[in-house]
Amino acid sequence: MTSADEAEMCSPIKADEEQYLDHLKKVNDVFYDQIRLADQKAAYIFTFTLAFVVTSAEGRGVFNITRYTTGNILPSLFSGLLATALIISMVSAITVVLPRKGARPTSLYWGGWKENRETFLKAHGCLDGGYLFAQYLGNVDALAAINRSKYRSVSLAFRSLIVSVVSYVGLLASS
């Protein structure tokens, strides 16, 4: 790092700029909470779906090929829809909790600490508030991308769960 880079890096946050850093910290906390909430929602959907398949004869029956070859068309249609919706719901719920990678790891992410440690120490040495702002901003960007991905999967899992319930009612009504 050149002395010009170090001089540019050592820029303390002014009092009127502190509110922006505080805001980024709050956004970081909110996004992190939303990630945990998405994981919880996915766990509930997965648990409900799995419990339905395990405890319901109709739920297990939709995965039996004889149901489609020896039955009426309407129950077969609802069975196929139910099986598809259950699979989509479970797979979507699983993808919610799979690890996600942010665009560029910051010092706030344990996986990025090794590459950010030295820069952090240099910024600390000159009390660089700009470094803190940049780290929180980068982390918020990564958390936003993770949230978008997780909530897309949660939304698909939930919609599939609704289709499962409607299909199940249709199957019961048509049998």
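These figures come from a predicted structure and were not determined experimentally.
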**Study point:** F133, CZ atom: more than 12 neighbouring heavy atoms under 6.0 Å
**Key:** yes
Point to revise | Derivation of the side chain to side chain contact (heavy atoms under 4.5 Å, CB included) call for I87 and F63 | key: CA-CA 10 Å; I87 290 169; F63 297 105; 3.7 Å; yes
Revision key, fill the gap. Apart from V163 itself, members of its ILVMFWY cluster (side-chain separation under 4.5 Å) are L81
Check your understanding: Within a radius of less than 6.0 Å around OH of Y20, do more than 12 heavy atoms belonging to other residues, nucleotides or ligands occur?
Key -> no
Exercise for review: Find out if a path of hydrophobic residues (ILVMFWY) with successive side-chain heavy-atom gaps under 4.5 Å connects I162 to F48.
Suggested key: yes
Review point. Is it the case that more than 12 heavy atoms not belonging to I73 sit under 6.0 Å from its CD1 atom?
Key: no
Study note, to complete from the structure: Between V62 and R67 the two heavy atoms that sit nearest each other are CG1-NH1, 3.9 Å
Study note, to complete from the structure: For A93 and A157 the tightest heavy-atom approach is N-CB, 3.9 Å
Revision key, fill the gap. For T66 and T70 the tightest heavy-atom approach is O-OG1, 2.7 Å
Exercise for review: Measure the spacing between CG of N28 and CG of L137 and express it to the nearest 0.5 Å.
Suggested key: 10.5 Å
Practice item. Tell me whether L171 is reachable from L86 by hopping between hydrophobic residues (I, L, V, M, F, W, Y) whose side-chain heavy atoms are closer than 4.5 Å. Key: yes
Point to revise | Shared hydrophobic cluster for Y131 and V140 (ILVMFWY, side-chain gaps under 4.5 Å) | key: yes
**Study point:** Side-chain touch S174/N72, heavy atoms, less than 4.5 angstrom
**Key:** no
**Study point:** same_hphob_cluster(V165, M90) at 4.5 Å side-chain heavy-atom cutoff
**Key:** no
Point to revise | Linked hydrophobic residues, L156 as query - side chain contacts closer than 4.5 Å | key: I88
Practice item. Answer yes if I45 and F52 sit in the same cluster of Ile, Leu, Val, Met, Phe, Trp and Tyr residues linked by side chain heavy atoms under 4.5 Å apart, and no otherwise. Key: no
Review point. Would one find more than 12 heavy atoms of other residues, nucleotides or ligands at under 6.0 Å from atom CD1 of I65?
Key: no
Exercise for review: Report, as yes or no, whether the 6.0 Å neighbourhood of atom CZ on R159 holds more than 12 heavy atoms from other residues, nucleotides or ligands.
Suggested key: no
Mind listing the side-chain donor-acceptor pairs of residues 30-40 below 3.5 Å, one per line with the distance, residues two or more places apart or on another chain?
unit_1: D33; atom_1: OD1; unit_2: R36; atom_2: NH2; d: 2.9
unit_1: D39; atom_1: OD1; unit_2: K150; atom_2: NZ; d: 2.6

Exercise for review: Locate the shortest heavy-atom distance separating S89 from T49; write the atom from each residue and the value.
Suggested key: OG-OG1, 3.5 Å
Exercise for review: Grab the two heavy atoms, one from E58 and one from L172, that are nearest each other, plus how far apart they are.
Suggested key: OE2-CD2, 4.0 Å
Practice item. Run the numbers on F158 and K41 for side chain to side chain contact (heavy atoms under 4.5 Å, CB included), then give the verdict. Key: CA-CA 9 Å; F158 186 71; K41 287 179 179 182; over 6 Å; no
Review point. If you draw a 6.0 Å radius around OH in Y151, do more than 12 non-hydrogen atoms from other residues or ligands fall strictly inside?
Key: yes
Review point. Does V96 reach the side chain of F46, with side-chain heavy atoms less than 4.5 Å apart?
Key: no
Review point. Is a side-chain donor or acceptor of T95 paired with a backbone partner of S92 at a separation under 3.5 angstrom?
Key: yes
Practice item. Assess whether side chain to side chain contact (heavy atoms under 4.5 Å, CB included) is satisfied between L21 and K25, documenting all intermediate values. Key: CA-CA 6 Å; L21 180 58; K25 288 177 183 178; 3.9 Å; yes
